[in-house]
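Contents: one structure, followed by commentary.
So that the names make sense, note that chain A is the first sequence line, chain B the second, and so on, each numbered from 1.
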Protein chains: 2
Amino acid sequence: MALICETCIARASDLCGAFAGGEIAVLDAIAVRLRVEAGGYLFHEEASADFVYNISSGMGLLERLASDGRRQIMSFTQPGDFIGLSPTPVYRISAQALTEMTACRWRIGDLEALFGEHPELERRLRLIANRVLATTLDQVFVLGRRNANEKLAYLLLYLAERQARIFGPSDEVWLPMTRGDIADYLGVTVETASRTFGVLRRKGLIALPAADRVVLADRASLAELADREP
Amino acid sequence: MALICETCIARASDLCGAFAGGEIAVLDAIAVRLRVEAGGYLFHEEASADFVYNISSGMGLLERLASDGRRQIMSFTQPGDFIGLSPTPVYRISAQALTEMTACRWRIGDLEALFGEHPELERRLRLIANRVLATTLDQVFVLGRRNANEKLAYLLLYLAERQARIFGPSDEVWLPMTRGDIADYLGVTVETASRTFGVLRRKGLIALPAADRVVLADRASLAELADREP
DNA sequence: CGTATTCTTGATTGGCATCAATCCAGGTGG
DNA sequence: CCACCTGGATTGATGCCAATCAAGAATACG
């Protein structure tokens with residue numbers, strides 16, 4: 001029996017990790033595999049929130065658009081992330097792929113049906129929600145109370161920490177998103193985002209071997225800027 | 001048997017509502033009642049996150065302080081709110097009382113011990129986390145992408161909607177918090193918060209019979225400013 | 001190789017912060 | 001009862017950070 005799950009990068013993710021060894025077959029059986037090309041969407045704001053997703057591979061983002069076009073990015077996603085839970089009947093965010101992306105999709109009701117047999121699954125969903133909430137509160141603080149330099153320092157350290165989980169520890173961070181995406185995450189304009197990269201570079205805190213690769217040259221100073229552990 | 005729960009304003013709250021009728025005795029038995037005077041704290045940032053709380057009466061706020069003193073308010077709390085869940089071993093926020101406040105406190109482990117007998121309790125905790133997360137994402141958008149006028153319009157409509165649940169629908173909103181608290185919620189300064197009240201008042205969108213009472217005189221325009229349902 | 005998109009940089013503007021003073025309400029004590 | 005005090009709220013003057021407007025450079029792509 002060769003389940004896709006058994007070789008999946010996200011096998012130990014918050015969600016799938018709820019099933020030990022062969023148990024994963026239960027989850028596998030009711031999953032639908034999806035592939036989305038770069039620029040495509042897993043789901044759209046305003047669409048009926050029937051499904052939840054676990055990212056298997058690829059990078060993406062979660063965004064919300066206002067009626068006048070202003071955009072706020074809520075999160076950058078990577079393999080292992082569980083997304084799509086919504087307390088409202090329609091999604092309040094869209095999930096876009098930054099690179100080619102694969103994911104598993106479940107009807108939320110199908111997952112809930114497993115809670116009886118697999119209480120660990122429900123516990124995981126609870127923990128995921130709590131963890132995402134904690135991260136979002138960090139973001140609230142950053143958006144409300146920090147300036148452009150501090151915001152970017154925060155994002156770079158945050159991405160480094162997250163990418164360490166999939167690529168291993170490194171001082172180099174990959175930025176699969178555009179400067180515009182970064183700006184919309186930090187609540188600034190593209191120009192300010194671009195200038196801020198320049199500021200941190202001239203200060204020697206980072207190096208930019210390419211637009212989409214940042215070297216954290218001085219983690220201590222970055223951490224101080226971000227008011228955070230290095 | 002006269003349980004405190006039976007006459008509690010928060011009897012039907014997200015948490016306590018998980019127990020129908022007499023079942024509530026289970027929750028009542030392991031609850032500790034607390035009273036905190038205005039200005040006091042239910043729990044402090046950095047303290048060990050052993051307890052969770054359900055607000056029985058009174059208004060409060062959840063705040064985070066940076067090492068340099070900058071403050072961000074994450075939420076204003078009211079009766080029925082469930083707070084204190086933390087994915088980290090220490091709280092990342094403090095819970096302060098704005099008025100005299102009463103609350104029930106549980107050791108988080110004691111609640112978890114009930115999950116087997118009362119699966120509805122775990123479901124509620126999951127839903128609460130999801131709902132708080134959704135609200136926090138709204139806040140992220142507001143902090144990242146809206147100007148001072150829009151921010152205040154959003155807060156007033158949000159408070160009106162929440163207070164309607166405990167006081168009933170009304171065009172008058174009570175502001176038990178100071179202008180400084182409002183500023184720290186919206187990510188602006190006290191002066192800007194104060195000026196912004198003035199702007200909305202001169203535009204005729206609100207009236208201010210007292211500093212702590214706002215009349216939503218023109219909900220439609222406020223909703224348009226906030227990009228939100230009236 | 002040409003075109004489109006993204007990124008960067010410059011000049012200027014504008015919104016909010018900062019600094020500073022005054023106003024006001026509630027509480028206190030003479 | 002009222003002068004005084006205190007913390008919060010408001011208003012004004014000025015400055016600064018990031019937005020906006022504009023142009024050019026680098027990179028990706030057909």
Would you mind reading off the distance between [X] atom [atom1] and [N] atom [atom2], rounded to a whole angstrom?
X	N	atom1	atom2	answer
B/K151	C/dG15	NZ	P	14 Å
A/L175	D/dT27	CG	C1'	16 Å
B/E191	C/dT22	CD	C1'	13 Å
B/L152	C/dC16	CG	C1'	15 Å
B/D184	D/dG8	CG	C1'	14 Å
B/R201	D/dA9	CZ	C1'	12 Å
A/N147	C/dC16	CG	C1'	14 Å
B/R146	C/dG15	CZ	P	16 Å

> Which of these nucleotides, C/dC7, D/dT10, D/dA19, is closest to any side-chain atom of A/R179?
Replying inline: C/dC7

> Is a side-chain N or O of B/R145 found less than 3.5 angstrom from the main chain of A/R70, in a donor-acceptor match?
Replying inline: no

> Passes ring-ring contact (aromatic ring centres under 6.0 Å, His included), B/Y53 versus B/F82? Steps please.
Replying inline: CA-CA 6 Å; B/Y53 304 79; B/F82 178 77; 8.9 Å; no

>> Is the positively charged end of A/R146 above the ring of A/Y154, judged by distance under 6.0 angstrom from the centroid and angle within 45° of the axis?
In response: no

>> If you assign A/G198 and A/R145 each to the DNA chain C nucleotide with the nearest heavy atom, which residue ends up on the more 5' nucleotide?
In response: A/G198

> Is the closest basic N to carboxylate O distance between A/D184 and A/R179 below 4.0 Å?
Replying inline: no

Any [X] side-chain N or O less than 4.0 Å from OP1/OP2 of [N]:
X	N	answer
A/T192	D/dA18	no
B/R195	D/dT10	no
A/T189	D/dA19	yes
B/T178	D/dG8	no

>> One pair to check against ring-ring contact (aromatic ring centres under 6.0 Å, His included): A/Y185 and A/F76. What are the steps and the verdict?
In response: CA-CA 9 Å; A/Y185 180 88; A/F76 294 112; 5.1 Å; yes

